[in-house]
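Note that ligands are numbered from 1 as they come in the structure, with each ligand's atoms numbered from 1 the same way.
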Amino acid sequence: MEVLRIAIQKSGRLSEDSLKLIKECGIEVSSVGAQLKATASNFPVEILFLRDDDIPGYVADGVSDLGIVGENVSVEKNKKVDEIKRLGFSKCRLSIGVPKAFEYKSINSLNGLSIATSYPNILSAYLDKQKVKADIHEISGSVEIAPGIGLADAICDIVSSGSTLISNGLKEVEIVFKSEALMIGYPGLSAGKKLILAELLFRIESVNNAKNTKYIMLNAPNDSIQTIIALLPGVKSPSVMPLVEAGWSSIHSVVKENDFWEIIGKLREAGAEGILVLPIEKIIK
Ligand code: PRT
Ligand code: ZN
């Protein structure tokens with residue numbers, strides 16, 4: 001029986017969500033910790049724990065079949081891997097920051113500057129596209145201190161909340177690249193491994209569908225059932241059950257997280273009472 005190897009970050013910003021995703025898919029991985037490798041007990045999967053920078057290379061070589069890595073790292077490393085799925089977590093952006101006092105007018109203000117970054121490939125492609133000539137200074141960490149110590153005029157680094165930029169006296173002036181966690185794959189997977197991958201993707205899909213959706217139950221007078229059903233189309237169609245109290249029904253359906261507050265208001269206007277909203281673990285379509 002073939003086993004699909006998945007490389008995830010050993011310890012860092014991607015680790016927790018990567019493992020969570022695997023566990024939400026019902027895959028039990030024991031002995032997580034100091035080890036480099038763990039085998040799932042109930043699914044043909046093996047997990048490798050690696051530095052994120054090494055993951056694209058291992059996947060391109062087929063040492064690992066899949067990898068979960070930031071899009072920023074995958075694009076920067078430029079290895080021959082397939083993009084299998086965008087995972088929606090670890091969202092961040094790669095941005096250019098300059099000292100707060102710098103009079104930044106447009107992208108052309110970067111002409112002739114030196115820019116410190118750990119992402120020379122992404123940055124140089126961006127500058128070429130923008131027809132800006134700047135000097136790229138590659139450093140491997142603590143990029144945000146480069147202007148302060150006179151190493152560079154500007155930086156290009158990962159930004160999430162922006163507080164690191166601010167606390168180093170910098171301001172964000174251009175977004176170079178938007179990133180999220182990606183599942184990447186070895187382009188030459190065997191037929192057997194493709195089957196395991198298909199099952200894994202089906203499970204991820206079911207978990208993600210559920211995350212954006214809530215289960216909703218409410219009571220309503222019978223004459224407003226049609227109005228309420230129109231607001232709650234449900235997976236197929238809502239369930240309507242009579243209550244013991246004459247003239248009333250209980251309606252069960254699902255609602256998209258994003259539409260939630262808007263719909264709740266309309267439901268109440270239509271006479272709904274006792275509205276319960278519950279999380280859903282999985283949705284199999
Ligand atoms: O040890 P290893 O090499 O495996 O890890 P690492 O230190 O290289 O990476 P890690 O764990 O820091 O980040 C892994 C991935 O998480 C990155 O490649 C991004 O895809 C993603 N990610 C999401 C982030 C951030 N958010 C983030 N905020 N990566 C880094 N940061 C850093 C950024 O470099 C800067 O220093 O956080 C600071 C900025 O954060 P704010 O919130 O102050 O703007
Ligand atoms: Zn790294």
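Close approach to S161 involves these atoms of ligand 1, each under 4.0 Å from a residue heavy atom: 41 (P), 42 (O), 43 (O), 44 (O). The distance from ligand 1 to the heavy atoms of V159 drops below 4.0 Å at these ligand atoms: 44 (O). Annotation for ligand 1: atoms under 4.0 Å from non-hydrogen atoms of G12 are 11 (O). Of all atoms in ligand 1, listed by their number and element, those nearer than 4.0 Å to a heavy atom of V73 are 18 (O).
The residues K193 and D65 are annotated as salt-bridged, a charged nitrogen and a carboxylate oxygen being separated by less than 4.0 angstrom. With respect to E205 and K85, a salt bridge is recorded, a charged nitrogen being found less than 4.0 Å from a carboxylate O. Checked for salt-bridge contact, K23 and E28 miss the test: no charged N lies under 4.0 Å from a carboxylate O.
Defined by atom type and a distance below 3.5 Å, a donor-acceptor pair is present between the side-chain atoms of S190 and E2. A donor and an acceptor atom, one from each side chain of E172 and S95, are located under 3.5 Å apart.
Distance from atom 21 (C) of ligand 1 to its nearest protein heavy atom, with residue and atom name: C92 SG, 3.9 Å. When only non-hydrogen protein atoms are considered, atom 36 (O) of ligand 1 lies nearest to E144 OE1, 3.9 Å. Distance from atom 20 (O) of ligand 1 to its nearest protein heavy atom, with residue and atom name: N72 OD1, 2.6 Å. Counting protein heavy atoms only, atom 3 (O) of ligand 1 is closest to R51 NE, 2.5 Å. Closest protein heavy atom to atom 30 (C) of ligand 1: R13 NH1, 3.4 Å. Here the heavy atom of the protein found nearest to atom 35 (C) of ligand 1 is I158 O, 3.5 Å.
The environment of CD in E83 is crowded: more than 12 heavy-atom neighbours from other residues, nucleotides or ligands sit within 6.0 Å. Around the NZ atom of K79, the shell of radius 6.0 Å holds no more than 12 heavy atoms that belong to other residues, nucleotides or ligands.
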Side-chain polar contacts of residues 223-232 - donor-acceptor pairs under 3.5 angstrom, sequence neighbours left out - could you list them?
from	atom 1	to	atom 2	distance (Å)
S224	OG	P221	O	3.0
S224	OG	A270	O	3.1

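Residue D52 places at least one N or O, backbone or side chain, under 3.5 Å from an N or O of ligand 1.
Around the Zn ion (ligand 2), the protein N, O or S atoms found under 2.8 Å comprise D52 OD1, D53 OD1.
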**Request:** Could you walk me through whether E76 and N121 pass side-chain hydrogen bond (donor to acceptor under 3.5 Å, both in side chains), step by step?
**Result:** CA-CA 6 Å; E76 179 65 26; N121 293 329; 3.3 Å; yes
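Placement of F102 and L165 in two distinct hydrophobic clusters is found when ILVMFWY residues are connected by side-chain heavy-atom separations under 4.5 Å, directly or transitively.
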